[in-house]
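Structure, as structure tokens:
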Amino acid sequence: MKFYIETIGCQMNVNDSDKMAEILLENGCMQTDDMLQANIVIINTCSVRFSAEHKAYSLLGRLKEQKDINPNLIIGVTGCMAQYATKEIKSRCKYVDFVLGARDLDMFSKVIIKYLPKSKENVKYKQENKEVFKYITIMRGCSNFCSYCIVPYVRGPEISINYNEIIKEVNEAVTDGAKEIILLGQNVNSYNYDGVNFTHLLQKVSQIDKVKRIRFMTNHPKDFSNELIEEIATNKKICRHIHLPLQSGSNAILKAMNRKYTYEQYENLFNKIRNSIPDISITSDIIIGFPGETDKDFKATFDASRKLQFGGLFIFKYSSRPKTVSAKLKNIVPLEVIKKRHTLLLEDSNIISKKINEKYINQVVEVLVENFKKNIAQARNSQNIKIFFDTDKNLVGQIVNVKITKVLPNSMLGILQ
Ligand code: SF4
């Protein structure tokens, strides 16, 4: 049996897809990159934006044609959209075999086993796992209820995973060849299991010899502690990159978003991090067109982006989500205004991040090689910037030095030293 998984959405979904793939591989299935070749297709959905849901339904539309040709095709829908729109998916797409929400993914192995052949000759096949980096979920759900966000409704309240289980997973990952561990949660800064907080967890993970690098995401400015800043500053295994979502530079909008910090508090934290860890790269998220966002509010966001000089900015157009508090708000910002503001900020922030990256020209940086194709290696530096260089050797999994020669909008080119 061949399976194909389409992952839509965030790194949490990437991680859930990896787990489902692992279960399928352990049960004798093989992974394929070609949806048309697969006997099992799983769409792991996201519900954070309307466009993500639209993508899932259009894929399901294509799969209907595939199922008409091959009625034995197994189609599964998992993830956040599957969690809150189970009935809708089942009634719109009657040809789907199973729907399993993000909170029920623990049931995946029980569900999928029903569709797999029972033949004893079905030799267990474990694909060689040579992942350079490994995502590890340390928390599930979220209890923050930002007014625009559907996550707390679909993924449930925040739960920290037992650190013993996390450490066990980290050990397995490095034994399988992983060099970099990426700890995941909707708000890793509020991790707490039995008195072990996120800083303590970072210390435990970094004590594992074979772990070469540690990253984590995502952070919430209201919970980013001084203790954590100190740990990152002194722990060389922790990468010099922090993703710190701002969402808006306007205090009125931040309040309406229920973000629980003011712009001034954010700026204060930002400066503290930058002063304590001079080589840090701080990236951020911005939502444009939250209901009621005036020109003045947008200007505050634009000014914040110029002032703080983020290493990279992910700018999203506001998308109204069912069940959320902001879905009930009036004062909808017209789409053409949102598009205009989006373009203005995007163009300006691209100039800023390119300028920041230009400081790397002629510098030798340490990178972890993640991929190798057609004599080109793809690597990443500690600041999470993608770097490409020519080589005739497969250096995947190795940490090497590269001299930067050119800066592109989202990546850099270099020469292996
Ligand atoms: S912190 Fe806010 S934006 Fe992030 S998942 Fe939780 S509710 Fe959503």
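Heads up: numbering here begins at 1 and tracks the sequence.
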In this structure, are over 12 heavy atoms from other groups packed under 6.0 Å from Lys355 atom NZ?
-> no
Can we say Glu358 and Lys354 salt-bridge, meaning some charged N sits less than 4.0 Å from an Asp/Glu carboxylate O?
-> yes
Taking only residues two or more places apart in sequence, or in another chain, which ones meet Asn189 in a side chain to side chain donor-acceptor pair (under 3.5 Å)?
-> Asn219
Does the Lys179 side chain pair with the main chain of Leu368, one donor and one acceptor, at a distance under 3.5 Å?
-> no
Would you find a donor on one side and an acceptor on the other, under 3.5 Å apart, between the side chain of Gln83 and the backbone of Arg103?
-> yes
Between Ser225 and Thr199, which heavy-atom pair has the shortest distance, and what is it?
-> OG-OG1, 4.3 Å
Mind listing the closest non-hydrogen atom pair of Ser250 and Asp297 along with its distance?
-> OG-OD1, 2.7 Å
Considering only heavy atoms from C-beta outward, does the side chain of Leu63 approach that of Ile43 to under 4.5 Å?
-> yes
Can you list the residues that meet the salt bridge (charged side-chain N to carboxylate O under 4.0 Å, His left out) rule with Arg155, with sequence neighbours excluded?
-> Asp16
Does a sphere of radius 6.0 Å around NZ in Lys110 hold more than 12 heavy atoms from other residues, nucleotides or ligands, not counting ones at 6.0 Å or beyond?
-> no
Where Met12 and Thr137 come nearest, the two heavy atoms and their spacing = CE-CG2, 4.1 Å
Applying side chain to side chain contact (heavy atoms under 4.5 Å, CB included), run through Ile229 and Leu269 and close with a yes or a no.
-> CA-CA 10 Å; Ile229 298 175; Leu269 171 66; 4.1 Å; yes
With a cut-off of 6.0 Å (strictly less than), are more than 12 heavy atoms of other residues, nucleotides or ligands near CZ of Arg306?
-> no
Those residues that, when tested against Asp390, pass salt bridge (charged side-chain N to carboxylate O under 4.0 Å, His left out) (two or more places apart) | none
Side-chain donor or acceptor of Arg274 paired with backbone N/O of Leu308 under 3.5 Å | yes
Inter- and intrachain pairs under ring-ring contact (aromatic ring centres under 6.0 Å, His included), touching residues 250-281, at least two apart = His220-Tyr261, Phe270-Phe310
Look at the side chain of Lys260 and the backbone N and O of Asn144, then say whether any donor-acceptor pair between them is shorter than 3.5 Å.
-> yes
Side chain proximity check, Gln378 to Phe372, heavy atoms < 4.5 angstrom = no
From Met257 CE over to Ser326 OG, what is the distance, rounded to the nearest 0.5 angstrom?
-> 8.5 Å
Measure from the side-chain N and O atoms of Arg240 to the backbone N and O of Ile232, and report whether any donor-acceptor pair falls under 3.5 Å.
-> yes
Candidate pair Ile89 and Tyr57, rule side chain to side chain contact (heavy atoms under 4.5 Å, CB included), full reasoning | CA-CA 9 Å; Ile89 297 167; Tyr57 277 118; 3.6 Å; yes
Backbone N/O of Gln37 and side chain of Lys2: donor-acceptor pair under 3.5 Å | no
With sequence neighbours left out, write down each residue that passes side chain to side chain donor-acceptor pair (under 3.5 Å) with Gln247, or none if nothing qualifies.
-> Tyr148
Salt bridge (Lys or Arg N to Asp or Glu O under 4.0 Å) between Lys340 and Asp295, worked out | CA-CA 11 Å; Lys340 212 173 120 202; Asp295 283 342; over 6 Å; no
Would you check if Ile387 and Arg380 make a side-chain contact, meaning some heavy-atom pair closer than 4.5 Å?
-> no
Ignoring hydrogens and geometry, is there a side-chain-to-backbone donor-acceptor pair from Asn251 to Thr262 under 3.5 Å?
-> no
Any pair counted as ring-ring contact (aromatic ring centres under 6.0 Å, His included), so long as it reaches residues 381-417, sequence neighbours left out | none
Are Arg259 and Pro245 close enough that some pair of their side-chain heavy atoms sits under 4.5 Å apart?
-> yes
Does the side chain of Val402 reach to within under 4.5 Å of the side chain of Met412, using non-hydrogen atoms?
-> no
Indicate yes or no for a side-chain donor-acceptor contact from Gln363 to the backbone of Lys359 under 3.5 Å, with no hydrogens or angles considered.
-> yes
Residues in side chain to side chain donor-acceptor pair (under 3.5 Å) contact with Lys55, at least two apart in sequence or another chain = none
Do Gln11 and Val14 pass the side chain to side chain contact (heavy atoms under 4.5 Å, CB included) test, and can you show the C-alpha distance, the side-chain angles, and the key distance before you say yes or no?
-> CA-CA 5 Å; Gln11 298 305 339; Val14 173; 3.5 Å; yes
Taking all non-hydrogen atoms of both residues, which atom of Asp97 and which atom of Leu73 are closest, and how far apart?
-> OD2-O, 3.5 Å
Greater than 12 external heavy atoms within 6.0 Å of Asn410's CG | no
Could you grab the distance from atom CG of Asn235 to atom CD of Gln207, nearest 0.5 Å is fine?
-> 9.5 Å
Considering residues at least two apart in sequence or located in another chain, which fulfil the side chain to side chain donor-acceptor pair (under 3.5 Å) criterion with Ser47?
-> none
Worked check of side-chain hydrogen bond (donor to acceptor under 3.5 Å, both in side chains) between Glu158 and Gln186 = CA-CA 8 Å; Glu158 178 186 289; Gln186 303 294 347; over 6 Å; no
Report, as yes or no, whether the 6.0 Å neighbourhood of atom CG on Asp34 holds more than 12 heavy atoms from other residues, nucleotides or ligands.
-> yes
Does Lys204 make a cation-pi contact with Tyr163 (under 6.0 Å, within 45 degrees of the axis)?
-> yes
Kindly state each residue pair satisfying side chain to side chain donor-acceptor pair (under 3.5 Å) with at least one member in residues 392-409, sequence neighbours excluded.
-> none
Which donor-acceptor pairs under 3.5 Å do side chains of residues 277-290 form with protein atoms, sequence neighbours excluded?
{"unit_1": "Thr283", "atom_1": "OG1", "unit_2": "His241", "atom_2": "NE2", "d": "2.9"}
{"unit_1": "Thr283", "atom_1": "OG1", "unit_2": "His243", "atom_2": "ND1", "d": "2.7"}
{"unit_1": "Ser284", "atom_1": "OG", "unit_2": "Leu244", "atom_2": "O", "d": "2.8"}
{"unit_1": "Ser284", "atom_1": "OG", "unit_2": "Leu246", "atom_2": "N", "d": "2.9"}
{"unit_1": "Asp285", "atom_1": "OD1", "unit_2": "His243", "atom_2": "NE2", "d": "2.9"}
{"unit_1": "Asp285", "atom_1": "OD2", "unit_2": "His243", "atom_2": "NE2", "d": "3.2"}

Do NZ/NE/NH1/NH2 and the carboxylate oxygens of Lys134 and Glu22 come within less than 4.0 Å?
-> yes
Backbone N/O of Lys299 and side chain of Arg341: donor-acceptor pair under 3.5 Å = no
Derivation and outcome, side-chain hydrogen bond (donor to acceptor under 3.5 Å, both in side chains), residues Gln383 and Asn357 = CA-CA 10 Å; Gln383 285 74 9; Asn357 289 347; over 6 Å; no
Non-neighbouring partners of Asp104 that pass salt bridge (charged side-chain N to carboxylate O under 4.0 Å, His left out), sequence neighbours left out = none
Could Arg49 and Phe316 be counted as a cation-pi pair, given that NZ or CZ must be under 6.0 Å from the ring centre and within 45° of the axis?
-> yes
Would you name the heavy atoms of Ile8 and Asn13 that are closest together and state the gap between them?
-> O-ND2, 2.8 Å
Spell out, as yes or no, whether a donor-acceptor pair under 3.5 Å connects the side chain of Ser147 to the backbone of Ala256.
-> yes
Heavy-atom closest contact (Val369 atom, Leu395 atom, distance) | CB-O, 3.3 Å
Partners of Phe98 by ring-ring contact (aromatic ring centres under 6.0 Å, His included), sequence neighbours excluded?
-> Tyr115
